[in-house]
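Beneath this line is the structure, given in structure tokens, with notes to follow.
Numbers restart at 1 for each chain; the letters A, B, ... are given by sequence-line order, proteins then strands.
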Number of protein chains: 2
Amino acid sequence: MPFSPPALDSFDLAILAILQRDNTTPQRLIGEAVNLSAPAVQRRIKRMEQTGVIAGNVAVVEPAAVGHPITIFVEVELESERAEMIDAAKRQFSAAPEVQQCYYVTGEADFILVITVADMAAYEALTRKLFFDSNNVRKFRTFVAMDRVKVGLTVPLPG
Amino acid sequence: MPFSPPALDSFDLAILAILQRDNTTPQRLIGEAVNLSAPAVQRRIKRMEQTGVIAGNVAVVEPAAVGHPITIFVEVELESERAEMIDAAKRQFSAAPEVQQCYYVTGEADFILVITVADMAAYEALTRKLFFDSNNVRKFRTFVAMDRVKVGLTVPLPG
DNA sequence: CCTCGAAATGCAAGTTTGTTTCGTCAGGAT
DNA sequence: ATCCTGACGAAACAAACTTGCATTTCGAGG
């Protein structure tokens with residue numbers, strides 16, 4: 001499903017650009033930055049939250065600070081690409097808390113996962129649970145992150 | 001650099017679990033949930049922000065809503081792995097707004113990028129800028145996301 | 001050209017939330 | 001035993017958010 005919501009004007013985009021960087025910015029300051037009153041800013045934010053343009057408001061936690069210093073990418077290739085199997089894999093991968101992100105992709109792999117773990121032993125245990133116990137994984141390739149050069153969910157905004 | 005900050009107790013972890021899901025939750029409610037007064041919650045949050053446990057507070061924007069409906073993964077392999085070249089690549093990749101995430105990894109690739117673009121033409125243009133114009137990219141593999149099954153920066157918390 | 005209605009705005013009041021202050025208490029070191 | 005440090009809760013305070021309302025803007029008809 002694409003996106004039905006009404007088009008965003010330059011005010012909305014300017015507001016998003018700010019919230020995307022720091023959503024604790026007071027509406028008064030946002031208003032000054034975009035030349036709008038605080039209530040106007042607030043109405044636009046609420047609308048964008050309701051229509052799903054703003055998917056959430058979250059604190060970003062440093063994984064290393066909570067015992068998950070290792071980030072790993074995994075390319076997963078399934079045995080069967082039947083829709084039923086795909087869906088089962090989606091559900092299983094999503095259910096694992098260590099799986100931070102899960103994408104179903106085209107190309108030489110079927111899924112790409114972003115995983116955070118405490119150590120390689122934890123990763124090894126996770127692969128056993130996710131890939132070996134399930135009999136639908138043909139193979140997977142592991143990439144261990146040595147440097148999280150740039151991390152975020154920031155989307156470039158027009159204007 | 002690993003992480004020096006003081007250990008987090010179960011209160012901190014409980015607070016993080018909430019903020020990670022919704023950082024607009026009133027401190028009063030957080031206090032009720034974790035059995036602490038609002039000021040206590042606020043002191044702990046401030047401390048975690050200052051020590052970097054909380055890396056940021058952001059609104060998550062739906063890419064499709066702002067004209068970037070396509071998410072792409074790219075594995076990049078460099079010609080030279082001299083430290084100087086690695087650093088140059090890090091800087092160049094990070095500088096591109098379309099590059100949402102950039103990781104320097106071990107294994108059969110050197111970098112993994114997560115990119116959001118409006119259409120394949122935009123991606124093609126980006127590859128030209130990032131990979132071809134730079135003479136240090138040996139090859140790259142592209143994976144187009146058909147389904148963003150699970151997206152986020154949520155870290156699993158002990159306890 | 002004018003009128004009408006829908007939608008968005010700013011202002012101001014009212015409410016909720018966040019922040020600071022202050023006094024108290026527990027644990028550790030002197 | 002005493003002091004010092006760090007953390008807590010209660011209450012006062014400041015700031016931010018939210019709502020109601022009159023006004024403005026803009027476009028579609030008449």
Self-check item: Pairs involving residues 29-76 of chain B, ordered by first then second residue, that meet ring-ring contact (aromatic ring centres under 6.0 Å, His included) (sequence neighbours left out)
Solution: A:Y103-B:F73
Nucleotides 6-13 of chain D: which of its N/O atoms have a protein N/O under 3.5 Å away?
residue, atom, partner, partner atom, Å
D:dA7, OP1, B:R47, NH1, 3.0
D:dC8, OP1, B:R44, NE, 3.2
D:dC8, OP1, B:R44, NH2, 2.6
D:dG9, OP2, B:S37, N, 3.0
D:dG9, OP2, B:S37, OG, 2.5
D:dG9, N7, B:R43, NH2, 3.4

Quiz prompt | B:K150 side-chain N/O to A:A96 backbone N/O, donor-acceptor pair under 3.5 Å | solution = yes
Self-check item: Residue pairs involving residues 140-159 of chain A (criterion ring-ring contact (aromatic ring centres under 6.0 Å, His included); sequence neighbours excluded)
Solution: A:F131-A:F140, A:F132-A:F140
Self-check item: Partners passing side-chain hydrogen bond (donor to acceptor under 3.5 Å, both in side chains) against A:D147 (at least two apart in sequence or in another chain)
Solution: B:K90
Exercise. Check side-chain hydrogen bond (donor to acceptor under 3.5 Å, both in side chains) between B:D9 and all other residues, then give those that pass, not counting sequence neighbours.
Key: B:R44
Practice problem: Quick one: pull up CG in A:D119 and CD in A:E124 and give me the separation to the nearest 0.5 Å. | Solution: 10.5 Å
Exercise. For A:R21, check side-chain hydrogen bond (donor to acceptor under 3.5 Å, both in side chains) against everything at least two apart and list the hits.
Key: none
Practice problem: Taking only Lys NZ, Arg NE, NH1 and NH2, and the carboxylate oxygens of Asp or Glu, determine whether B:R148 and B:E62 approach each other closer than 4.0 Å. | Solution: yes
Quiz item: Taking CD from A:Q42 and P from D:dT18, how many angstroms apart are they, rounded to a whole number?
Solution: 4 Å
Self-check item: Residue-level proximity of residues 25-33 of chain B to DNA chain C when a heavy atom falls under 4.0 Å
Solution: B:P26, B:Q27, B:R28
Practice problem: Enumerate the residue pairs fulfilling ring-ring contact (aromatic ring centres under 6.0 Å, His included) with a member in residues 22-46 of chain A, sequence neighbours excluded, ordered by first and then second residue. | Solution: none
Exercise. Estimate the overall bend of the helix from C:dC1-D:dG30 to C:dT30-D:dA1 from the end axes over five pairs each, rounded to 10 degrees.
Key: 30°
Quiz item: Which residues pass the side-chain hydrogen bond (donor to acceptor under 3.5 Å, both in side chains) test with A:T24, sequence neighbours left out?
Solution: A:D22
Exercise. Identify the 5'-most and 3'-most nucleotides of DNA chain C with at least one atom closer than 4.0 Å to a non-hydrogen atom of chain B.
Key: C:dT17 to C:dT20
Self-check item: Any residue meeting ring pair (Phe, Tyr, Trp, His ring centres under 6.0 Å) with A:Y104, in chain and number order, not counting sequence neighbours
Solution: A:F111
Self-check item: pair A:I45-A:I15: side-chain heavy atoms closer than 4.5 Å
Solution: yes
